[in-house]
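A quick write-up on the structure given underneath.
Chain letters run A, B, ... following the sequence lines, proteins first and then strands; every chain starts at 1.
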Amino acid sequence: AQSVTQLGSHVSVSEGALVLLRCNYSSSVPPYLFWYVQYPNQGLQLLLKYTSAATLVKGINGFEAEFKKSETSFHLTKPSAHMSDAAEYFCAVSRKGTGKLIFGQGTTLQVKP
Amino acid sequence: NAGVTQTPKFRILKIGQSMTLQCTQDMNHNYMYWYRQDPGMGLKLIYYSVGAGITDKGEVPNGYNVSRSTTEDFPLRLELAAPSQTSVYFCASSSGGRDTGELFFGEGSRLTVL
């Protein structure tokens, strides 16, 4: 079975500060891991994905995530937050090649001026 | 480029009514999915399809049905609507192979059952 836990349902940072959104996964097989972002009243869009290649993955809008097998983590970071980063972020896990994603509960990122 | 299109965007149903949420994609993707999103719960997979004529249940299929007669369309049918089906529904699609997990989502359909 696979599962994802996102630590913190709400995260608030100041503009220009580091963004860190935490995700831990559980998987009995080597996982594929994803971060998706959802802006208000929109569908989700892919930020980045880990598919067993490089453990440090770079995505769109300056975000990156590092796969740490020993910690079963896939935390999302961005060095400097921008007001436009305010959104809900979802971590997800799947088995290789299935497309059946298991999503975490989501983390709402607030960016303060 | 339209991507994934869902209709309707909003709908209010009475308990016991039925309806179909429509989903169409123009990317020639083989894989299509229906998720529901509830506050604080993330997204839960209802049904998915790996190609025309092939569908399978996800995590929360009870109360729903799907069909996949063409590559483009993947409608979701709600029979005998219940308040527990109040949710935001998302259709998504993906190509196969290494990009199977890269889902393209529609804008969602907000359903309220009263």
Problem set entry | Spatial distance of atom CD1 (Ile102(A)) from atom OG (Ser3(A)) [nearest 0.5 Å] | 8.5 Å

Exercise. So which of Gly40(B), Pro39(B), Cys91(B) has the largest heavy-atom pair count under 4.5 angstrom toward chain A?
Worked result: Gly40(B)

For this session: Give me the ring orientation class for Phe90(A) and Phe103(A): parallel if the planes are under 30° apart, tilted from 30 to 60°, perpendicular past 60°.
Result: perpendicular

For this session: Under 4.5 Å, counting heavy-atom pairs only, tell me which of Glu59(B), Met41(B), Gln37(B) racks up the most with chain A.
Result: Gln37(B)

Exercise. Any side-chain heavy atom of Lys49(A) within less than 4.5 Å of one from Tyr32(A)?
Worked result: no

For this session: Below 4.5 Å from any heavy atom of chain A, which atoms of Gln6(B) appear? Answer side chain, backbone, both or neither.
Result: neither

For this session: Please step through side-chain contact (heavy atoms from CB on, under 4.5 Å) for the pair Val19(A) and Tyr89(A), ending with a clear verdict.
Result: CA-CA 12 Å; Val19(A) 175; Tyr89(A) 292 79; over 6 Å; no

Problem set entry | Contacting region of Tyr35(B) [heavy-atom separation from chain A under 4.5 Å] | side chain

Exercise. Under a 4.5 Å heavy-atom cut-off, does chain B meet the side chain of Gln6(A), its backbone, both or neither?
Worked result: neither

Exercise. Do Glu64(A) and Lys78(A) meet the salt-bridge criterion of a basic N to acidic O distance under 4.0 Å?
Worked result: no

For this session: Under 4.5 Å heavy-atom distance to chain A, tell me which part of Leu43(B) shows up: side chain, backbone, both or neither.
Result: both

